[in-house]
A.B. asks: 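Below you'll find the structure I mean.
In what follows, chains are A, B, ... by sequence order, proteins preceding strands, each numbered from 1. The shown structure was predicted, so the numbers you read here are calculated from the model rather than taken from an experiment.
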2 protein chains.
Amino acid sequence: MTESTPIRTQTERADQTRARILDAATREFSENGLSGGRTEQIAEAAGVNKALIYYYFQGKEALYVAALESVAQRMVANSLRVLSFDCSAGERLLHSALHHFDRIYSEPVFQKLMQQEMIRMTKGESNALSPIVETLFKPLGEKTRELIDEGIRLGELVPVDSTQVMYAALGANVFYFLSAPMMCMMNDFDPFSRPALEFRRKAAIEYLGQTVFTDREHGMQAAARVLAATPMPLTIKPPTALNTKTGDQEIFSAPTMADEQRPK
Amino acid sequence: MTESTPIRTQTERADQTRARILDAATREFSENGLSGGRTEQIAEAAGVNKALIYYYFQGKEALYVAALESVAQRMVANSLRVLSFDCSAGERLLHSALHHFDRIYSEPVFQKLMQQEMIRMTKGESNALSPIVETLFKPLGEKTRELIDEGIRLGELVPVDSTQVMYAALGANVFYFLSAPMMCMMNDFDPFSRPALEFRRKAAIEYLGQTVFTDREHGMQAAARVLAATPMPLTIKPPTALNTKTGDQEIFSAPTMADEQRPK
DNA sequence: GTTAATTTACTAACCAGTTAGTTAAAAACG
DNA sequence: CGTTTTTAACTAACTGGTTAGTAAATTAAC
């Protein structure tokens, strides 16, 4: 099981255990939500006893919040980096949109957790996000809107409501993956297949170039540059790749740890 | 409880009871999904004994499918009507987008059910939608894409991938409501408030007018016409208006909803 | 040998589905 | 038309399985 670990100090082992639990919880909750996630399953996936969860965390909900927080932290850090690229506002918008698209299928846990959380909050249930919003989401949203407004001010982007640009750009991406299971049935093609993803990310960026840029020609060129600069990441199987009925609670995150074994 | 009903024939009463169960199930499942929905709660809301659910339906899942089907039927019928308005392809696209936006907050059950169902399907769980897809969603999607392609062919719309136009138009709307709870916290304003909805529906349609129309001026005029022709519907409180902790399974729905067969 | 890490064994609550029965409408009968 | 029989609609109470959480015992580290 853990032969590779060469006997560490107690605190090191403890930190490792805690991290394994948090990691397993992230996967379980992202698949099944807070109420649907099973503590027994988390414990099994982490290779520990269920009671240990209550040793390291106050309870199921506290574990959920911790998982949400850790995953949001990583996501925001990456997004902020992209927003600071050294190019025009419009082109940075395209970079952000493409990064957003690529992130959803290559690291789907954040998206899935957020979806579940939005539904939970709509039901008026306890707010697990609020500690994160101020420090993480608000700065990111702020910076994105500033970017769009700058593009509009300089005449590069069409003068429309900047929030609507965000909704359209992000919404198209989110909706692509949200509706994927249904599109699968409607057109019997798999939106998660590599060709489909390749086509869609290109279409999404070119669409933005053609539509939100005042000079459509300039927009198309920017889109072409952005696409050329950003190769499509190796996809990590998005659905239940991690559902380890097999019992091995090994590392899952290895980026290059090959995909292949996709649905259909 | 049902003194107002002037003693009907047995089958009439039975039909009514079945409808009450289906209606209660629709609400319960739309809030909590299939696995989260409680049969006891459905029975209570319908004013019947839990065992009656199993008398009228094969089980929890069959009830869920029936609820999904009935609500999808109404939704598709309305959407198809809007797609057949007597105006240019571009303008019909705007009409569809606005109708889609208005529907989500005025009749939120369908959207909520679909969201939950997409998550369920992504998890690879049993497919409750497939009977509906062929007969309902496929024709609607087909007709929408044809509409956009017609607009492009006639030069009214910008020549981009027509599917991407759908993703952008629908996605922006879906994402607005999906992200509403978070936006609520980020900007402390309520996306479901009347002024916010009023602003957003206008912005969304004007955005489409400015962006997907070849002639931006023409697009703006079309957007203005569409907005003028479609007053904002009376909003029905979308969040937990139905969460009857109080125990009364009374009427929930506000006026002007077109549908019939409501409890009491 | 003391403390931290981890497990075993439990419980109280919850929940989908069933059973065995009651009520009253409808049908059959005289 | 009134009475009896049948059957459809409906209910109370239970069953078996699941699950979050806990207390006490055990093991490993320092």
A.B. asks: Would you call A:R120-A:E125 a salt bridge at under 4.0 Å N-O?
C.D. replies: yes

A.B. asks: Hey, does B:T17 reach any base, or is it just sugar-phosphate, or nothing, if we go heavy atoms under 4.0 Å?
C.D. replies: sugar-phosphate

A.B. asks: B:Y64 OH to C:dA16 P: how many Å, rounded?
C.D. replies: 15 Å

A.B. asks: Could you check how far CG of A:L52 sits from C1' of D:dA23, rounded to whole Å?
C.D. replies: 15 Å

A.B. asks: Separation of A:Q16 atom CD from D:dA29 atom P, in whole Å?
C.D. replies: 13 Å

A.B. asks: With under 30° as parallel and over 60° as perpendicular, where do the rings of A:Y176 and A:F101 fit, or are they tilted in between?
C.D. replies: tilted

A.B. asks: Output all residues satisfying side chain to side chain donor-acceptor pair (under 3.5 Å) with A:Q115, sequence neighbours left out; order by chain, then residue number.
C.D. replies: none

A.B. asks: What is the distance from CG of A:D15 to C1' of C:dA5, rounded to the nearest Å?
C.D. replies: 12 Å

A.B. asks: When you compare the protein's N or O atoms with those of nucleotides 19-22 of chain D, which come within less than 3.5 Å of each other, and at what distance?
C.D. replies:
| residue | atom | partner | partner atom | Å |
| --- | --- | --- | --- | --- |
| D:dT19 | OP1 | A:R38 | NE | 3.3 |
| D:dA20 | OP1 | A:G37 | O | 3.2 |
| D:dA20 | OP1 | A:R38 | NH1 | 3.3 |
| D:dA20 | OP1 | A:K60 | NZ | 3.3 |
| D:dA20 | OP2 | A:T39 | N | 3.3 |
| D:dA20 | OP2 | A:T39 | OG1 | 2.8 |
| D:dA20 | N7 | A:K50 | NZ | 3.2 |
| D:dG21 | OP2 | A:Y54 | OH | 2.8 |
| D:dG21 | OP2 | A:K60 | N | 3.1 |
| D:dG21 | N7 | A:K50 | NZ | 2.6 |
| D:dG21 | O6 | A:K50 | NZ | 2.7 |

A.B. asks: If you look at every heavy atom in A:S79 and A:L140, which pair is closest and at what distance?
C.D. replies: CB-CD1, 3.7 Å

A.B. asks: Taking only residues at least two apart or on different chains, which pairs with a member in residues 56-72 of chain B satisfy salt bridge (Lys or Arg N to Asp or Glu O under 4.0 Å)?
C.D. replies: none

A.B. asks: For B:R145, what residues pass the side chain to side chain donor-acceptor pair (under 3.5 Å) criterion, not counting sequence neighbours?
C.D. replies: B:T163

A.B. asks: Take the protein atom CD1 of B:I42 and the nucleotide atom P of C:dC15, then report the distance between them rounded to whole Å.
C.D. replies: 12 Å

A.B. asks: Quick one: do the A:Y64 and A:E117 side chains pair a donor with an acceptor below 3.5 Å?
C.D. replies: yes

A.B. asks: So, using side chain to side chain donor-acceptor pair (under 3.5 Å) as the criterion, who are the partners of B:R200 when residues are at least two apart?
C.D. replies: A:D161, A:Q164

A.B. asks: Please write out the pairs of protein N or O atoms and N or O atoms of nucleotides 25-27 of chain D separated by less than 3.5 Å, giving the distance to one decimal.
C.D. replies:
none

A.B. asks: Between B:E12 (CD) and C:dA24 (P), how many Å, whole number?
C.D. replies: 19 Å

A.B. asks: Output the rounded distance in Å from CZ (B:F57) to P (D:dC10).
C.D. replies: 12 Å

A.B. asks: Give, for atom OG1 of A:T144 and atom NE2 of A:H100, the distance between the pair rounded to the nearest 0.5 Å.
C.D. replies: 10.0 Å

A.B. asks: Describe the nucleic acid contact of A:Y56 in one word from base, sugar-phosphate, nothing, applying a heavy-atom distance below 4.0 Å.
C.D. replies: sugar-phosphate

A.B. asks: Take atom CD1 of B:I53 and atom P of C:dC15, then tell me their distance rounded to the nearest Å.
C.D. replies: 13 Å

